[in-house]
Amino acid sequence: MSNKHYDLCIVGGGINGAGIARDAAGRGLSVLLLERGDLAQGTSSASTKLIHGGLRYLEFYEFKLVRESLKERERLLAIAPHIIWPLEFVLPHHPGIRPLWMIRAGLFLYDRLGGRKKLNSSKFLKLSSHVFGAPLKGEYMKGFSYADCWVQDARLVVLNAMDARDRSAEILTRTACTSLEQKDNIWHVGYEAIGSGERQTSTASMVVNAAGPWAENLLRQSGFYDADSSIPTLKLVKGSHIIVPRQFEGEHAYILQQTDGRIVFAIPYENNFTLIGTTDEPYEGDAGAVKIAPQEIEYLCAAYNNFFRKPITVSDVMSTYSGVRALYDDGAQEARKITRDYVLFHHKNYAAPMLSIFGGKITTYRKLSEE
């Protein structure tokens with residue numbers, strides 16, 4: 001922990017922080033990244049582990065976000081095929097939720113918005129006679145298939161951080177940012193090693209707040225909201241997953257529409273298991289202490305059982321994990337309707353530049369980092 005000057009100090013070692021460190025170091029900037037826990041310890045290791053365009057975002061007219069995500073899906077598949085690979089999704093048609101024509105139109109757009117090259121196009125399926133329909137209840141006679149990608153999310157973060165380190169970035173884990181203060185047109189950043197309590201201060205020409213669910217806390221503890229009431233706020237949303245023994249054969253996944261408007265995925269996981277998630281629940285409290293609630297487990301079991309012949313129960317659940325999404329508060333009342341796009345907020349009250357990141361998703365981290 002050296003007391004020296006950096007071009008850029010990044011607070012947060014999730015996918016956005018690690019991606020920014022890699023991009024900046026690759027452009028020749030001296031970079032310091034501070035992460036109070038471990039890389040990908042928070043949201044970036046608790047995702048549904050998908051690189052995808054976000055088919056359901058089309059329903060909320062998020063065409064720009066979907067287009068950008070689909071383009072990044074292709075790029076990331078080319079960049080990291082050892083940890084990102086294609087995954088076929090089966091979407092059974094539930095006539096009481098969305099009409100067949102609407103889904104067909106959405107998939108038509110999904111196939112074309114991002115300049116798809118590597119992945120298969122969507123197809124209409126007669127599930128009553130197709131192997132993909134075998135584990136489903138008899139009333140699901142029609143559906144569609146389309147392609148997205150699966151990712152080892154935490155490993156993607158670590159690989160970005162390793163590449164940033166190889167380009168001379170300094171990556172400090174178990175190191176908490178304790179203060180941000182501007183003097184003489186540069187930032188004085190205080191930080192402390194967790195465990196030893198060793199304190200240090202370095203200077204930086206620019207700061208990026210990429211602390212995810214803790215981004216707002218960092219600004220409040222440093223007095224930023226007191227100085228500028230225009231700073232956005234976060235809407236924290238909990239996403240929980242359950243893991244059960246393998247429930248169906250094949251390497252495809254299912255995307256299950258729910259009557260409350262939410263989407264639940266059932267995905268082959270680690271050879272012998274099925275991953276089911278996620279929930280979208282408003283969350284208040286410590287993002288580091290998040291865990292699944294009993295009602296979420298019941299919800300995910302019921303969401304799965306709405307579609308499959310062989311039901312699962314709470315007793316089948318072998319493991320769970322939960323994470324907190326730090327979404328830009330756009331005023332939407334329902335968690336599922338809050339935008340997944342990101343906002344880069346420039347703190348203009350200071351001579352030295354500082355950006356805070358609100359929102360974002362793992363698929364668009366590279367684009368966010370570049371911007």
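Quick note: residue numbers are just sequence positions, from 1.
- For the pair Asp7 (side chain) and Ala204 (backbone), a donor-acceptor distance under 3.5 Å is absent.
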Would you check, one step at a time, whether the test side-chain contact (heavy atoms from CB on, under 4.5 Å) holds for Arg22 with Ser369?
CA-CA 8 Å; Arg22 176 179 182 265; Ser369 302; over 6 Å; no
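- Side-chain contact between Ile10 and Val31 is present, with at least one heavy-atom pair separated by less than 4.5 Å.
- Annotation: Tyr254 is not in aromatic contact with Phe307 [ring centroid separation under 6.0 Å not met].
- For the salt bridge (Lys or Arg N to Asp or Glu O under 4.0 Å) with Asp148, the lone residue among Arg56, Lys49, Arg73 that qualifies is Arg73.
- Side-chain contact between Phe89 and Phe265: present, with at least one pair of heavy atoms (C-beta onward) separated by less than 4.5 Å.
- Contact annotation: the side chain of Met354 approaches that of Leu219 to within less than 4.5 Å [non-hydrogen atoms, C-beta and beyond].
- Ile97 approaches Gln257 most closely through the heavy-atom pair CD1-O, 3.4 Å.
- With hydrophobic clusters built from ILVMFWY side chains whose heavy atoms lie under 4.5 angstrom apart, Ile186 does not share a cluster with Tyr6.
- Looking at heavy atoms from C-beta onward, Asp260 lies in side-chain contact with Tyr299 at the 4.5 angstrom threshold.
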Determine, stepwise, if the pair Asn306 / Val264 fulfils side-chain contact (heavy atoms from CB on, under 4.5 Å).
CA-CA 11 Å; Asn306 287 337; Val264 171; over 6 Å; no
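- Without hydrogens or angle criteria, Arg340 side chain to Ile338 main chain gives a donor-acceptor distance under 3.5 Å.
- Listed for the Glu284 side chain is no donor-acceptor partner under 3.5 Å among the backbone atoms of Pro282.
- Proximity of the aromatic rings of His252 and Phe132 is defined here by a centroid distance below 6.0 angstrom, and this criterion is met.
- Note on ring orientation: taking the six-membered ring where Trp is involved, the planes of His241 and Tyr321 are parallel (angle under 30°, cut-offs 30° and 60°).
- Using cut-offs of 30° and 60° on the angle between ring planes, the pair Tyr304 and Phe308 is parallel.
- Contact record, Ala303 with Leu256: O-CD1, 4.0 Å, taken as the closest heavy-atom pair.
- Around atom CZ of Arg36, no more than 12 heavy atoms belonging to other residues, nucleotides or ligands sit under 6.0 Å away.
- In summary, Glu170 and Arg165 do not engage in a salt bridge, as defined by a charged side-chain N under 4.0 Å from a carboxylate O.
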Trace of the side-chain hydrogen bond (donor to acceptor under 3.5 Å, both in side chains) decision for Ser202 with His5
CA-CA 6 Å; Ser202 291; His5 181 77; over 6 Å; no
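- Between Tyr342 and Asn16, every side-chain heavy-atom pair lies at or beyond the 4.5 Å cut-off.
- Relative orientation of the Trp85 and Trp150 rings is tilted, given thresholds of 30° and 60° on the angle between their planes.
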Where do Leu368 and Leu344 land on the side-chain contact (heavy atoms from CB on, under 4.5 Å) test, with the steps shown first?
CA-CA 9 Å; Leu368 182 153; Leu344 305 182; 4.2 Å; yes
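- In this structure, Asp228 contributes its side chain and Tyr225 its backbone to no donor-acceptor pair below 3.5 Å.
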Intermediate values then yes/no, side-chain contact (heavy atoms from CB on, under 4.5 Å), Leu218 and Leu180:
CA-CA 9 Å; Leu218 177 66; Leu180 290 173; 4.2 Å; yes
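- Under a 3.5 Å cut-off, the side chain of Trp187 and the backbone N or O of Pro353 do form a donor-acceptor pair.
- Taking the side chain as every heavy atom from C-beta outward, Asn209 and Ile357 never approach each other to under 4.5 Å.
- Looking at Arg116, its side chain never comes within 3.5 Å of a backbone N or O of Lys118 through a donor-acceptor pair.
- A cation-pi arrangement is absent between Arg104 and Phe108, since the terminal nitrogen or guanidinium carbon is not both under 6.0 Å from the aromatic centre and inside a 45° cone about the axis.
- In the displayed structure, Met206 atom CE is contacted under 6.0 Å by more than 12 heavy atoms of other residues, nucleotides or ligands.
- The backbone N or O of Leu159 lies less than 3.5 Å from no partner atom in the side chain of Asp163, so there is not a single donor-acceptor pair.
- Salt-bridge formation is detected for the pair Arg246/Glu251: a Lys NZ or Arg NE/NH1/NH2 atom is positioned less than 4.0 Å from an Asp or Glu carboxylate oxygen.
- Ile171 and Val208 end up in the same hydrophobic cluster when Ile, Leu, Val, Met, Phe, Trp and Tyr side chains are linked at under 4.5 Å.
- Between Tyr110 and His52, some side-chain heavy-atom pair lies under the 4.5 Å cut-off.
- Among all heavy-atom pairs drawn from Ser145 and Leu125, the shortest one is CB-CD1, 3.8 Å.
- The one candidate from Arg262, Lys235, Lys238 that meets the salt bridge (Lys or Arg N to Asp or Glu O under 4.0 Å) condition with Glu281 is Arg262.
- At least one side-chain heavy atom of Tyr283 sits under 4.5 Å from a side-chain heavy atom of Val290.
- In this structure, the ring of Phe224 has its center no less than 6.0 angstrom from the ring center of Phe345.
- Closest non-hydrogen pair, Gly17 versus Leu33, comes out as O-CD1, 3.4 Å.
- At most 12 non-hydrogen atoms from other residues, nucleotides or ligands lie less than 6.0 angstrom from NZ of Lys367.
- With sequence neighbours left out, Glu181 forms a side chain to side chain donor-acceptor pair (under 3.5 Å) with no residue at all.
- Closest approach of Leu65 to Asp341, counting heavy atoms only: CD2-N, 3.7 Å.
- With hydrogens and angles ignored, the 3.5 Å screen pairs a side-chain donor or acceptor of Thr278 with a backbone N or O of Ser240.
- Side chain of Thr43 to backbone of Gly323: no donor-acceptor contact under 3.5 angstrom is found.
- Proximity of a side-chain donor or acceptor of Asp111 to a complementary backbone N or O of Ser121 within less than 3.5 Å is not detected.
- Applying the ring-ring contact (aromatic ring centres under 6.0 Å, His included) test to Phe124 and every residue at least two apart in sequence or in another chain returns Phe144.
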Salt bridge (charged side-chain N to carboxylate O under 4.0 Å, His left out) for Glu216 and Arg220? Distances and angles first, verdict last.
CA-CA 6 Å; Glu216 190 174 321; Arg220 292 194 185 281; 2.9 Å; yes
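- Closest non-hydrogen pair, His94 versus Tyr140, comes out as CD2-OH, 3.6 Å.
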